Amino acid sequence: MKSKEIAHRFDQIADVLEFLGENQFKVGAYRKVARTLSDLTEDIEVISREGRLREIPGVGEGIAQHIIEYLDTGKISKYEEELKRVPPELIQLMNIPGMGPKTLALANKTLKVRNLADLKRVIEDGSLAGLPGLGEKKVENIRKGIARFEAVKERIPLGLALPLVETIMAGLKKGFKITMISPAGSLRRMRETVGDIDILVGSSQGKKMVEVFTHLPMVKEILAAGETKGSIISDEGFQVDLRVVPEKAFGAALQYFTGSQAHNVKLRGIAQKTGFKVNEYGVFRGEKLVAGKTEEEVYESLGLQYMPPEMREDRGEIELAREGKIPRLVEVSDIRGDLHVHSRHSDGTGEIEDIAKKAKEKGYQWIAICDHSKSAKYARGLPESEVLKVIEEIEELNGKLKGIRVLAGVEVDILTDGSLDFPDRLLKKLDLVVGAIHQGFKKDVTRRMIRAMENPYLKIIAHPTGRLISSREGYEVDIDAVMAKAAETGTALEINAHYDRLDLDDLNVMKAKKKGVKLAIGTDAHSVGMLEYMRLGVAVARRGWLGPEDIINTWSAEKIKGWKKA
DNA sequence: GCCGTTTTCGGCCCGACTGTTTTCAGTCG
Ligand SMILES: Nc1nc2c(ncn2[C@H]2C[C@H](O)[C@@H](COP(=O)(O)OP(=O)(O)OP(=O)(O)O)O2)c(=O)[nH]1
Ligand SMILES: [Mg+2]
Ligand SMILES: [Mg+2]
Ligand SMILES: [Zn+2]
């Protein structure tokens, strides 16, 4: 994870250079390489050792040297002086909406603004408004920006943003007749969290559309309201951006507004080199419009294969599209069952029968009930005798229910010594054994997981990193070693689909696939309604470029019961 | 600072909104 550290360092350098008025493209070069490094699925130290740093896009002579130096000493000497001279309290003021590098540099130079308190002072005493290029309104805008900056709003988990966007789109449709509308941005790309909610509308009535938008009941603050776009802050504190373009440009605009930014920049760069211009209104050759109605058209006009939004992160997808090698990604309709569901027998709320009926309704062929094991006291884990009763209940249900097969499983605790919470003689009676760490997050996690995977009955490791998006870093675990053992033993690693877990995440999924590890999506549902999180798990899989063959949820019930047997 | 199916030098995505501007800079998406 050294690459994340280096990425952070380069981002800091970019900020400082920008503040100091350095060349924009140099600043951009540092930002670009920072993003690439944080998306890396290979160990940067290995890449460096093997002399392959320059193969990373955006890494040239200078940056390669910086990386080598950082890996060696933890410093980048060339910028030590600048980083000291421009302290973080000053740089962080650029995160205030409306406050960019130019304004900050000016305030710093002429008014000696060095931190937030200084900035507030020059706002109050009127001196900021007196600066060239500034005025009452701009300063008022910055004042509001500070309020939002201090509210430190977190990014919204995707699972919560998806229902929100539906509500907002319904509100827009109620206020105005709309035929073309779509979520866009990181939400459409199904990133695990979203910074704001982006919505695109195709309409010739941009101004009116924006009007309707900025007058929705949820609007707390209007950030901008123009002819083609509007931006608001909702009563719950999140930002919503609306973009409106003519219907005939909907495809080009959807491509633009879906991003990612890095994907767009790369796409437009390629277009430019081949004599085209791409913007949100279309693909142009000179003055001539050559594409724009659909996204497919946009990509194809540039000689690129269409790709799903989940892939558009500039992680090599454009190169694949050029070669026509975009893979067929797994889809919700490929999923035959859910591999991790709790019932009321442990800490869930649903009856197994109701869960099974819902699973059938969702078009599944089977569903695995995996309640907690005896040591998981906080989660009402079951003693052995109770597990036997659940197995019987499931047998009976399977005799009764048509069109759905319930698998008797367990989510067995991996104990602090790496042994499992149930003996093999019980595990062998079950259709599916999922192992998970619920205690001792810093205690020898890697070795415990490895020992657990050596048990032939254990088929899946649940939430392998243990991170919680809202609140927790995760286990102290060498995930590469876990993946290696998973590949060796044929154990699957879970994509836990709960919106606050999504664990493994997209990059780890990508890495796991490269190492030959199978993935297993489990919703970890604790109620019937939570079975719907499957959509999020599939999204993570798609963002990890997985096909149906990489996911064991596409297997038959018989195969799920039978693999990795002793 | 990086990079090369037009270049080893001269480019680097492209546009909307706002405010202070008299023609555009700054910020953001
Ligand atoms: N061409 C181009 N498109 C951009 C740029 N910045 C943003 N976009 C497009 C792509 C983004 O996905 C889309 C929405 O912008 P956002 O700032 O909301 O980013 P995004 O939704 O991707 O991530 P987020 O989760 O909101 O931080 O607008 C840019 O600098 N150039
Ligand atoms: Mg966004
Ligand atoms: Mg946005
Ligand atoms: Zn669970």
Side-chain angles (χ1 to χ4, degrees), chain A residues 10 13-14 17-18 21-34 36 53-67 76 78-79 93-107 129-142 144-145 148 184-186 194-200 206-207 210 214 222-232 239-245 249 252-253 255-284 302-303 314 318 322:
Chain A
F10 285 157
I13 291 171
L17 293 180
E18 190 174 39
E22 252 290 3
N23 177 298
Q24 264 313 304
F25 300 106
K26 183 166 164 180
V27 172
Y30 277 101
R31 294 230 164 94
K32 177 176 152 165
V33 79
T36 306
L53 284 175
R54 298 286 297 272
E55 289 171 20
I56 300 170
V59 176
E61 171 102 46
I63 286 182
Q65 279 313 310
H66 295 336
I67 295 173
I76 297 172
K78 181 163 183 195
Y79 294 112
L93 300 180
M94 285 201 291
N95 293 328
I96 297 167
M99 188 86 177
K102 292 289 194 288
T103 310
L104 185 61
L106 187 66
L131 261 36
L134 282 105
E136 293 301 331
K137 287 190 174 173
K138 276 210 167 143
V139 170
E140 182 50 30
N141 197 31
I142 291 170
K144 285 185 184 154
R148 280 201 283 145
S186 50
V194 302
D196 65 359
I197 291 177
D198 301 295
I199 298 172
L200 176 70
K207 180 137 195 181
V210 171
T214 54
I222 300 172
L223 301 175
E227 309 277 316
T228 74
K229 68 194 243 190
S231 250
I232 63 105
Q239 182 170 334
V240 186
D241 290 346
L242 178 79
R243 187 68 209 261
V244 189
V245 296
Q255 192 291 313
Y256 149 72
F257 209 29
T258 297
S260 69
Q261 184 206 44
H263 175 91
N264 286 355
V265 169
K266 179 160 231 162
L267 184 83
R268 290 173 177 204
I270 287 173
Q272 200 187 37
K273 277 193 210 109
T274 48
F276 294 94
K277 182 179 74 169
V278 177
N279 60 28
E280 60 267 52
Y281 302 108
V283 179
F284 300 85
L302 298 169
D314 188 25
I318 292 187
R322 272 180 143 163

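Every value quoted in this text rests on a predicted model; they were computed, and no experiment measured them. Naming convention: chains lettered A, B, ... in sequence-line order (proteins, then strands); numbering from 1 in each chain. Quick note: numbers below take in every heavy atom, side chains included, and nothing from hydrogens, waters or symmetry partners.
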Answer with base, sugar-phosphate or nothing: what part of the nucleic acid does A/V59 contact at a heavy-atom distance below 4.0 Å?
-> sugar-phosphate
Taking the P atom of each, how far is B/dT7 from B/dG1, in whole Å?
-> 25 Å
Mind checking what makes ring pair (Phe, Tyr, Trp, His ring centres under 6.0 Å) contact with A/Y79, not counting sequence neighbours?
-> A/Y30, A/H66
Check whether any side-chain N or O of A/K277 sits under 4.0 Å from OP1 or OP2 of B/dG15, and answer yes or no.
-> yes
Between the OG1 atom in A/T103 and the CG atom in A/L134, the distance rounded to the nearest 0.5 Å is 5.5 Å
Using heavy atoms to find the nearest nucleotide of DNA chain B for A/G58 and A/V139 separately, return the residue whose nucleotide is more 5′.
-> A/G58
List the steps and the verdict of side-chain contact (heavy atoms from CB on, under 4.5 Å) for A/L223 and A/R148.
-> CA-CA 11 Å; A/L223 301 175; A/R148 280 201 283 145; 3.4 Å; yes
What integer distance in Å separates A/Q65:CD from B/dC2:P?
-> 10 Å
Between A/I199 and A/F257, which heavy-atom pair has the shortest distance, and what is it?
-> O-CE2, 3.4 Å
Map A/P57 and A/F25 onto DNA chain B by nearest heavy atom, then report which one ends up closer to the 5' terminus.
-> A/P57
Minimum-distance nucleotide to A/V265 side chain [options: B/dC12, B/dC13, B/dG19] | B/dC13
Quick tally for nucleotides 22-29 of chain B: nucleotides whose base has a protein heavy atom under 4.0 Å get B, sugar-phosphate-only ones S, the rest -, giving ----SSSB
Distance check: side-chain N/O of A/T228 vs OP1/OP2 of B/dG15, anything under 4.0 Å?
-> no
Could you give the CG-to-P distance, from A/D314 to B/dC13, as a whole number of Å?
-> 12 Å
C1'-based separation of B/dG15 from B/dC9 [nearest Å] = 28 Å
A/K266 vs B/dC12: side-chain N/O to OP1/OP2 distance below 4.0 Å | no
Between B/dT22 and B/dA16 - P atom distance, rounded Å | 24 Å
Give, for atom CG of A/L242 and atom CG of A/D198, the distance between the pair rounded to the nearest 0.5 Å.
-> 9.5 Å
Return the polar atom pairs (N/O with N/O) between nucleotides 4-11 of chain B and the protein under 3.5 Å, or none.
none

Do any pairs count as a salt bridge (Lys or Arg N to Asp or Glu O under 4.0 Å) and have a residue in residues 129-140 of chain A, sequence neighbours left out, and if so which ones?
-> A/E140-A/R143
What's the CD-P distance between A/E140 and B/dG19, to the nearest Å?
-> 11 Å
Between B/dC14 (P) and A/F284 (CZ): distance, integer Å | 12 Å
Given the P atoms of B/dC13 and B/dG4, what is the spacing between them in whole Å?
-> 14 Å
Do A/K32 and A/F25 have side-chain heavy atoms sitting under 4.5 Å apart?
-> no
Residue list, side-chain hydrogen bond (donor to acceptor under 3.5 Å, both in side chains) with A/K266, at least two apart or on another chain = A/D314, A/E319
Could you check whether A/V278 gets within reach of a base, just the sugar-phosphate, or nothing at all, counting any heavy atom under 4.0 Å?
-> sugar-phosphate
On a whole-Å scale, what distance lies between the C1' atoms belonging to B/dA25 and B/dT20?
-> 10 Å
Any A/Y281 side-chain N or O less than 4.0 Å from OP1/OP2 of B/dC13 = no
Could you check which of B/dT18, B/dG19, B/dC14 has an atom nearest any side-chain atom of A/N279?
-> B/dC14
Pick one for B/dT22: is it syn, with its angle within 90° of 0, or anti?
-> anti
With a non-hydrogen cut-off below 4.0 angstrom, is A/L267 in contact with a base, only sugar-phosphate, or nothing?
-> nothing
Separation between the C1' atoms of B/dC12 and B/dG19, rounded to whole Å | 29 Å
Close side-chain approach of A/E18 to A/R31, heavy-atom, < 4.5 Å = yes
Please report, to 0.1 Å, the donor-acceptor pairs under 3.5 Å made by any side chain of residues 275-283 of chain A, with sequence neighbours excluded.
residue : atom : partner : partner atom : Å
A/N279  : OD1  : A/Y281  : N            : 2.8
A/N279  : OD1  : A/G282  : N            : 3.2
A/E280  : OE2  : A/R243  : NH1          : 2.8
A/E280  : OE2  : A/R243  : NH2          : 3.2
A/Y281  : OH   : A/R243  : NH2          : 3.0

Separation of the C1' atoms in B/dG11 and B/dT6, to the nearest angstrom | 13 Å
Starting at CD1 of A/I222 and ending at P of B/dT18, how long is that distance when rounded to a whole Å?
-> 10 Å
Separation of A/Y30 atom OH from B/dC3 atom C1', in whole Å?
-> 16 Å
Would you find a donor on one side and an acceptor on the other, under 3.5 Å apart, between the side chain of A/T274 and the backbone of A/A271?
-> yes
Does the side chain of A/I67 come within less than 4.5 Å of A/F10's, by heavy atoms?
-> yes
Tell me: NZ of A/K32 to C1' of B/dC13, nearest whole Å?
-> 13 Å
Quick one: look up who B/dG4 pairs with, Watson-Crick or G-U, both distances under 3.5 Å, and put none if it's unpaired.
-> B/dC9
Would you indicate what A/A225 reaches in the nucleic acid, counting non-hydrogen atoms under 4.0 angstrom: base, sugar-phosphate, or nothing?
-> sugar-phosphate
Whole-Å distance separating the CG atom of A/N141 from the C1' atom of B/dT18 = 8 Å
